[in-house]
Amino acid sequence: MIKRIVILKHGGGELANQLWNYASVLAYGIDANVPVRNPSFYEYHRFFRFLKDEGAITKLRSLFFLKPRRRSSWISRNQRFKYALYAALAKKLCARSVYSSENSENKIVLLPPSEALPARYDACARLYTTGWLFRNPAGFAKHADALRAAFKPTDQILQRVDTIMAPLRKSYDRIIGLHIRQSDYATFKGGKYLVSQELFREIAEEYIDENGLVDAKTAFVIASDGPIDPSKFADLNIYVSKENSVVDLFLLSYTDAIIGSDSSFGAFAAWHGNIPHIIAKKGPMDWSYYAGKTTYFDNTYSELRTY
């Protein structure tokens, strides 16, 4: 009988990819009433509330990440290399208890209660997971409130979000998040999923018209991994975030809806805030598909969906 679940290894992605995997495993732990530990999350532990339950080495490693760092940074690469050595050794020593979602087709692997574990793990006292493609839609639905509470960020993050959002809420009736992924999307799949700032502005204007909103009472909070040119959004009320990735994630989650790149980052923010995630497309937007949707849903227009 499994008494503890350990997320031994994520897939090498950054914040959002790790969060979807972490939340899916945690949903299994909540359902089975089994504690979940995640030493692989050391880069982001300090911005959430899990660190107190982790081991001393994980707490020590997290000291290198008092602020979020991109995986391309020297410190991230160095710590990831060291952790990979530890994970490889642990994986070898505990091979019979390791459940992997690693595969070349990027196919998701379901966890309980979405799907039962293979029978060979029934006798494991400790289950180790490796890979970033574990998903748990039934667990998300069943334990939505508990999961959102578990992934609540630290008070410091929430205070920063409130400092930004409070004056906006006083001035505007509707606040829409714009998540504009730029850096790696410029080359990923030949730029297929890169949506320009000019097109985002057009989509934002369409959203106002489609929803019968008043321009003067609607604001857009823009979060991006690249520079934003405010002139591209002339005549719209905008707030351009200059915060780190964790603040941006929850800043978006506190808006009324997110119009965003086809990305797991915007999707997780929308899930956490239980708000719609509208996928920005280069072609015509299917506004009829989004009509009447006021809470989070599994968006069929996401071509990169692994959540």
Side-chain angles (χ1 to χ4, degrees), residues 14-16 19 44 47 66-73 153-154 156-188 191 193-211 213-273 275-282 285 290:
E14 297 194 65
L15 177 60
L19 284 172
Y44 300 106
F47 312 107
L66 299 179
K67 62 179 182 179
R69 301 180 186 277
R70 298 304 297 262
R71 59 184 173 184
S72 58
S73 73
T154 62
Q156 183 179 8
I157 299 292
L158 290 177
Q159 288 167 7
R160 183 58 189 153
V161 170
D162 185 63
T163 296
I164 295 168
M165 290 297 293
L168 291 174
R169 287 292 180 196
K170 289 180 181 179
S171 301
Y172 302 100
D173 293 338
R174 197 74 173 267
I175 302 174
I176 309 303
L178 294 185
H179 174 233
I180 307 176
R181 181 112 169 227
Q182 297 187 80
S183 59
D184 56 342
Y185 272 27
T187 56
F188 177 65
Y193 300 103
L194 179 68
V195 177
S196 68
Q197 294 181 44
E198 292 88 349
L199 186 50
F200 259 100
R201 182 243 168 82
E202 292 179 19
I203 294 171
E205 290 177 329
E206 288 179 15
Y207 180 87
I208 289 175
D209 293 339
E210 290 289 334
N211 289 274
L213 304 180
V214 178
D215 291 41
K217 300 301 291 180
T218 304
F220 294 88
V221 173
I222 304 176
S224 179
D225 59 347
I228 294 295
D229 180 357
S231 69
K232 298 284 198 323
F233 299 90
D235 300 324
L236 292 179
N237 302 307
I238 63 170
Y239 175 88
V240 180
S241 175
K242 300 185 185 304
E243 305 296 326
N244 63 53
S245 60
V246 182
V247 174
D248 277 352
L249 183 81
F250 290 99
L251 186 60
L252 290 170
S253 78
Y254 275 75
T255 62
D256 299 310
I258 298 170
I259 301 171
S261 303
D262 191 351
S263 163
S264 60
F265 187 93
F268 193 89
W271 169 79
H272 197 276
I275 56 177
H277 183 221
I278 299 165
I279 305 295
K281 292 289 188 180
K282 291 181 178 179
M285 295 290 293
Y290 295 108

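Just so you know, these numbers come straight off a predicted model, no measurement behind them. As a basis for the values below, the full set of heavy atoms in this structure was taken, side chains included, without hydrogen atoms, waters or symmetry mates.
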Roughly how far, to the nearest 0.5 Å, is OH of Y193 from CD1 of I279? 11.0 Å
Tested for side chain to side chain contact (heavy atoms under 4.5 Å, CB included) against R160, the lone hit among I164, D162, L158, I157 is I164
Under 4.5 Å between any side-chain heavy atoms of R201 and D235, yes or no? yes
Determine which pairs satisfy ring-ring contact (aromatic ring centres under 6.0 Å, His included) with at least one residue from residues 218-245, sequence neighbours left out, and list them in order. none
State, to 0.1 Å, how close N237 and T218 come at their nearest heavy-atom pair, and which atoms those are. ND2-O, 3.0 Å
Ignoring hydrogens and angles, tell me if any N or O in the side chain of T255 forms a donor-acceptor pair with the backbone of I258 under 3.5 Å. no
Distance (rounded to the nearest 0.5 Å) between I180 CD1 and Q197 CD: 5.5 Å
Taking the side chain from D229 and the backbone from S231, do they hold a donor-acceptor pair closer than 3.5 Å? yes
Tell me the closest heavy-atom pair linking Y185 and S261, and the distance in Å. CE2-CB, 4.2 Å
side-chain contact (heavy atoms from CB on, under 4.5 Å) between Y290 and M285, worked out: CA-CA 9 Å; Y290 295 108; M285 295 290 293; 4.2 Å; yes
Can you name the closest pair of heavy atoms from A269 and L252 and give their distance? CB-CB, 3.9 Å
Judged by atom type as modelled, is there a donor-acceptor pair below 3.5 Å linking the side chain of K217 to the main-chain atoms of S171? yes
Between CD1 of I175 and CE of M165, what distance do you get to the nearest 0.5 Å? 4.0 Å
Ion pair D256/R169, N-O distance below 4.0 Å: yes
Hey, what do you get for NE2 (H277) to OG (S253), rounding to the nearest 0.5 Å? 12.5 Å
Between Q182 and P227, is there a donor-acceptor pair closer than 3.5 Å when you use the side chain of the first and the backbone of the second? yes
Of all the heavy-atom pairs spanning A280 and I203, show the shortest one and how long it is. CB-CD1, 3.8 Å
Rounded distance [0.5 Å steps], CD in Q159 versus OG1 in T154: 8.5 Å
Minimal non-hydrogen separation, S263 against H179, with atom names: OG-CE1, 3.6 Å
Could you check whether atom CD of Q156 has more than 12 heavy atoms from other residues, nucleotides or ligands sitting under 6.0 Å from it? no
I'd like to know whether L168 forms a side-chain contact (heavy atoms from CB on, under 4.5 Å) with V221, so could you lay out the CA-CA distance, the side-chain angles of the two residues, the decisive distance to 0.1 Å, and finally the verdict. CA-CA 9 Å; L168 291 174; V221 173; 3.7 Å; yes
Are the side chain of R181 and the backbone N or O of D262 linked by a donor-acceptor pair below 3.5 Å? no
On a heavy-atom basis, which atom in I176 and which in Y207 lie closest, and how many Å separate them? CD1-CE2, 3.5 Å
Do S241 and V247 touch side chain to side chain, with heavy atoms closer than 4.5 Å? no
Side chains of L15 and L249: closer than 4.5 Å at any heavy-atom pair? yes
For the residue pair F268 and W271, categorise the inter-ring angle as parallel (less than 30°), tilted (30 to 60°) or perpendicular (more than 60°). tilted
Please state whether the rings of F250 and H272 are parallel, tilted or perpendicular, taking 30° and 60° as the class boundaries. perpendicular
Approximate separation, where rounding is to 0.5 Å, of I259 CD1 and I278 CD1: 5.0 Å
